[in-house]
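First comes the structure, then the notes that go with it.
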Amino acid sequence: GENVEQHPSTLSVQEGDSAVIKCTYSDSASNYFPWYKQELGKGPQLIIDIRSNVGEKKDQRIAVTLNKTAKHFSLHITETQPEDSAVYFCAASKGPPGYALNFGKGTSLLVTP
Amino acid sequence: DTGVSQNPRHKITKRGQNVTFRCDPISEHNRLYWYRQTLGQGPEFLTYFQNEAQLEKSRLLSDRFSAERPKGSFSTLEIQRTEQGDSAMYLCASSRAGGSTGELFFGEGSRLTVL
């Protein structure tokens, strides 16, 4: 089955700096790569996603890049703010929209003022 | 609030007892998912429904686990003869089939502790 590896497991940055989280996947048939943010006591919430026919996508301070050849994708957060502190999960799926997601183990991001 | 609702939020039970969790999805969503999350791990897929049909089950879903969605609205996840290894957060999510994105909307989860 699909195996999604995520690094680093913890990341601490100062407010205003950039944060980068990287993921690799094993199944070349995967075609959908979302990123979820999970705050303490809450369920994960989608922050950005990308499909395999696109190399990069940006939404304000958040961007995701995808390298299909190398089977890795990354989340970039610029101008980090304390409210960005949370656990971030990457995921991969090979089905149509809504198909079962395989999640990475998560990255705990701490943004210090 | 029109988000995904899960009950109970917390359940403590003794090993060997049965427990049932309920999920009420966003009303116009016809897909419903169950995931399990343990401490320090990402959510693991258990099963999903489109309307009342259970379309996929993970091998993680042992015979002690059963999920239903009888009228294509709310869903229940029952765990029989609980074991300590069942202790986890059980997350429910919903989505709209045919939507332009694959976004899943998660509930806040039901935390199970098996003593």
Side-chain angles (χ1 to χ4, degrees), chain A residues 1-10 21 23-25 27 30-54 57 59 64 66 73 75 86-109, chain B residues 1 3-6 9-10 21 23-26 28-51 53-61 67 88-111:
Chain A
E2 172 71 276
N3 184 39
V4 179
E5 299 282 343
Q6 183 171 347
H7 299 278
S9 56
T10 60
I21 303 171
C23 288
T24 61
Y25 61 99
D27 192 337
S30 291
N31 57 14
Y32 176 63
F33 307 93
W35 287 87
Y36 281 79
K37 175 183 180 182
Q38 187 173 27
E39 297 176 337
L40 198 62
K42 297 189 176 181
Q45 184 175 15
L46 180 74
I47 56 171
I48 196 167
D49 57 6
I50 193 169
R51 298 205 171 275
S52 58
N53 58 348
V54 175
K57 183 176 179 181
D59 182 4
V64 57
L66 171 65
F73 55 113
L75 177 71
V87 180
Y88 291 81
F89 294 98
C90 63
S93 171
K94 62 181 179 182
Y99 203 72
L101 296 174
N102 292 287
F103 284 86
K105 291 186 176 182
T107 296
S108 179
L109 173 65
Chain B
D1 184 15
V4 177
S5 176
Q6 292 189 244
R9 294 291 313 280
H10 304 274
F21 300 113
C23 172
D24 288 273
I26 294 171
E28 63 266 28
H29 287 182
N30 50 7
R31 283 192 177 150
L32 186 146
Y33 306 78
W34 285 100
Y35 282 79
R36 181 175 69 186
Q37 186 175 25
T38 53
L39 199 61
Q41 302 293 317
E44 297 173 296
F45 170 76
L46 294 178
T47 188
Y48 98 93
F49 294 83
Q50 179 153 321
N51 300 313
Q54 189 172 18
L55 297 186
E56 188 179 355
K57 292 195 293 186
S58 163
R59 64 181 184 278
L60 293 175
L61 212 66
M89 177 75 83
Y90 290 85
L91 293 165
C92 177
S94 69
S95 72
R96 185 165 53 89
S100 59
T101 76
E103 181 173 6
L104 300 187
F105 293 83
F106 282 89
E108 295 189 331
S110 292
R111 180 170 295 283

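Bear in mind that the values here come from a model prediction, so they are computed numbers and not experimental data. Every chain is numbered from 1, with letters handed out A, B, ... down the list of sequences.
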Check: With chain B, which of A/Gly104, A/Ser108, A/Ser9, A/Pro44 has the greatest number of heavy-atom pairs at distances under 4.5 Å?
Finding: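 Most heavy-atom pairs under 4.5 Å with chain B: A/Pro44.
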Notebook entry, point to check: If you count the non-hydrogen atoms of other residues, nucleotides and ligands that lie under 6.0 Å from CD in B/Gln54, is the total more than 12?
Noted result: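 Atom CD in B/Gln54 is packed in, count exceeds 12.
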Next item on the list: List for me each residue that meets side-chain hydrogen bond (donor to acceptor under 3.5 Å, both in side chains) alongside A/Ser30, sequence neighbours excluded, and say none if there are none.
Entry: A/Glu2
Next item on the list: Just jot down the side-chain hydrogen bond (donor to acceptor under 3.5 Å, both in side chains) partners of B/Gln37, sequence neighbours excluded, or say none.
Entry: A/Gln38
Checklist line | Minimum-distance pair of heavy atoms, taken over all atoms of B/Arg9 and A/Gly41 | finding: NH2-O, 3.6 Å
Item checked: Which of B/Pro43, B/Ala93, B/Gly40 touches chain A most, by non-hydrogen pairs under 4.5 Å ->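 Of the options given, most contacts go to B/Pro43.
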Next item on the list: Let me know if B/Arg111 has heavy atoms under 4.5 Å from chain A in its side chain, its backbone, both or neither.
Entry: neither
Checklist line | Contact origin within B/Gln41 toward chain A - heavy atom pairs under 4.5 Å | finding: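 It is both, since atoms from each part get that close.
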Notebook entry, point to check: How far does CG of B/Leu91 sit from NZ of A/Lys42, to the nearest 0.5 angstrom?
Noted result: 14.0 Å
Next item on the list: Output the distance between atom CZ (B/Phe105) and atom CG (A/Leu46), rounded to the nearest 0.5 Å.
Entry: 8.0 Å
Notebook entry, point to check: Which bit of A/Pro34 comes within less than 4.5 Å of chain B, counting heavy atoms only: side chain, backbone, both or neither?
Noted result: neither
Next item on the list: Please say which of B/Tyr35, B/Tyr33, B/Phe45 ends up in a side chain to side chain contact (heavy atoms under 4.5 Å, CB included) with A/Leu101.
Entry: B/Tyr35
